[in-house]
Amino acid sequence: MDNQFNQQGNSYQQGNAYQQGNSYQQGNAYQQGNSYQQGNAYQQGNSYQQGNAYQQGNFYQQENPYQQGNGYGNYDGDDESQKAPNIFQQFAFSFVPPLYHRLTKVKVGSMIGFVTLLVFVATLLSFASVMLSFSSIDMEEIAARLPEFTLENGHLNLDEDFLFDEGSVFIYMTEDIDSFSYDDADEIADEGYRDVMLVGRDRISILQNGEYQQLDYSDLGSSFALSREWIATKLAPFIKMVIFLLYIVYFLWRILWYFLCAAVYMLFAMIIASAMHKQVPGEALFKTAVYAKVLMFVIAALLDLLPVVYLAVPFLFRVAVTIVFMGVAIMKLPDNRPAPAVYPWNGSVK
């Protein structure tokens with residue numbers, strides 16, 4: 001019996017509370033995890049970790065009116081203004097200064113092409129008018145009235161002075177005067193003549209429909225000779241060829257002169273922009289000057305083609321109209337100044 005008792009084991013062999021595990025072995029609240037281990041409000045994230053109003057973005061970060069774009073620094077404008085006008089639109093818009101903000105989007109190459117075409121058309125019409133007028137002159141009739149003369153070695157030898165004055169044609173030849181100037185021809189044209197030819201000892205000057213050309217005999221070469229018979233048969237084709245060559249030079253000169261004048265007008269445009277307290281890029285001001293010249297250029301070209309009377313546009317009037325066009329255009333152009341600074345702490349504008 002005793003052995004049997006000993007074999008079964010006592011409470012120490014079976015295991016007491018310490019062997020089975022007490023509350024500390026099973027795990028107490030600290031082993032399971034207390035509120036700090038599970039995660040408290042600071043571990044989960046408080047309002048500062050989740051993001052406060054400053055992290056999400058406040059009013060100043062979202063955009064203020066000055067960041068969205070206003071009259072300052074907004075030179076590009078809307079989508080429509082980004083589309084540069086074609087060559088026909090450039091011509092139409094040049095007569096409407098409030099639309100010049102569209103013309104400032106034109107590329108430089110396109111602007112040069114527009115001016116070249118404009119000058120070419122005007123010069124071509126003038127050339128056609130001169131050739132038609134010259135074709136109406138009967139050179140054989142004129143030669144029959146001429147005295148005997150020779151032109152050789154760069155000088156004119158004439159027995160007596162010659163004057164032809166009929167209708168709108170005036171021709172005068174003399175060896176007593178070495179050459180005539182534009183002022184001489186213009187003074188005669190003011191009396192109502194459309195075709196004026198002044199032949200001096202060393203030079204011939206021609207003014208037709210307001211276009212002036214001159215030729216020194218020395219440029220023809222020492223071998224060149226001229227007589228009354230030559231005038232009747234060959235002068236007309238020769239003069240036409242000379243006029244054609246002169247018009248080519250005249251065409252190139254008109255293009256250069258157009259841009260030179262535009263550069264001068266640009267200085268006035270800068271003064272106007274400064275007076276308006278506006279900052280406009282120099283390229284935009286130059287384009288404004290180029291297109292502001294179109295109106296008076298077209299008017300002057302059309303007046304030259306009038307078959308009835310010769311009427312020139314006064315120079316000061318042309319300048320005044322061009323400057324007025326630039327002033328109206330610059331008034332409508334956007335200001336390129338940077339946007340004023342905004343202080344975030346009080347919303348005031350610098």
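- Rounding to the nearest 0.5 Å gives a distance of 5.5 Å between CG of Leu151 and OH of Tyr217.
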* List the steps and the verdict of side chain to side chain donor-acceptor pair (under 3.5 Å) for Gln90 and Ser110. => CA-CA 10 Å; Gln90 292 177 46; Ser110 179; 2.9 Å; yes
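- Side-chain N or O atoms of Thr288 include one that pairs as donor or acceptor with a backbone N or O of Ala284 at under 3.5 Å.
- The salt bridge (charged side-chain N to carboxylate O under 4.0 Å, His left out) contacts involving residues 265-275 comprise nothing, where partners must be two or more places apart or lie in separate chains.
- For the pair Lys287 (side chain) and Thr104 (backbone), a donor-acceptor distance under 3.5 Å is present.
- Judged purely by atom type and a 3.5 angstrom limit, Tyr212 has no side-chain atom pairing as donor or acceptor with the backbone of Ile206.
- In this structure, the side chain of Glu187 does not engage the main chain of Asp184 through any donor-acceptor pair within 3.5 Å.
- Around CZ of Phe244, the count of heavy atoms belonging to other residues, nucleotides or ligands within 6.0 Å does not exceed 12.
- With Arg201 contributing its side chain and Glu175 its backbone, the two residues share a donor-acceptor pair below 3.5 Å.
- With sequence neighbours excluded, the residues forming a ring pair (Phe, Tyr, Trp, His ring centres under 6.0 Å) with Tyr250 are Tyr247, listed by chain and number.
- Side-chain atoms of Glu191 and Tyr193 include no donor-acceptor pair closer than 3.5 Å.
- Between the Ser274 side chain and the Met270 main chain, no donor and acceptor come within less than 3.5 Å of each other.
- Residue Ile248 holds its CD1 atom at 8.5 Å from CZ of Phe127, rounded to the nearest 0.5 Å.
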Could you tabulate the donor-acceptor pairs under 3.5 Å formed by side-chain atoms of residues 257-268, not counting sequence neighbours?
from   : atom 1 : to     : atom 2 : distance (Å)
Tyr258 : OH     : Val290 : O      : 2.7

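- The closest side-chain donor-acceptor pair between Ser205 and Tyr182, if any, does not fall under 3.5 angstrom.
- Atom CD1 of Ile188 is separated from atom CZ of Phe180 by 7.5 Å, given to the nearest 0.5 angstrom.
- Asp216 places no side-chain N or O within donor-acceptor distance of the main-chain N or O of Arg203, the cut-off being under 3.5 Å.
- Partners of Lys293 by salt bridge (charged side-chain N to carboxylate O under 4.0 Å, His left out), not counting sequence neighbours: none found.
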* **Pair Gln208-Asp195, side chain to side chain donor-acceptor pair (under 3.5 Å): steps then yes or no** => CA-CA 5 Å; Gln208 292 183 302; Asp195 303 294; 3.2 Å; yes
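- The salt bridge (charged side-chain N to carboxylate O under 4.0 Å, His left out) test applied to Glu166 returns Arg145, not counting sequence neighbours.
- Distance CZ/Phe164 to CE/Met173: 13.0 Å, rounded to 0.5 Å.
- Residue pairs meeting the side chain to side chain donor-acceptor pair (under 3.5 Å) criterion with at least one member in residues 111-124, sequence neighbours excluded: Thr123-Arg254.
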